[in-house]
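No hydrogens, no waters, no symmetry mates; every other heavy atom, side chains included, goes into these values.
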Amino acid sequence: MCPRRPGDATAIYASTRKAENELGWKDQWNWASNNPRGYQLEIGLGNGNH
């Protein structure tokens, strides 16, 4: 990354409401927090190379 330039925003805030309402997207942070291993298979399934 490069240093901030004159005129660059110091902070940006946005609502995810439009993406949720129009696209059906949900909060990814909550999903990631509840699934720290992602889509990894459960123990005993597959060959464990995922």
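Taking OG1 of T16 as the reference point, atom CG of N21 lies at 9.0 Å (rounded to 0.5 Å).
Side-chain contact between R4 and T10: present, with at least one pair of heavy atoms (C-beta onward) separated by less than 4.5 Å.
Applying the side-chain contact (heavy atoms from CB on, under 4.5 Å) criterion to N35, with sequence neighbours excluded, gives W31.
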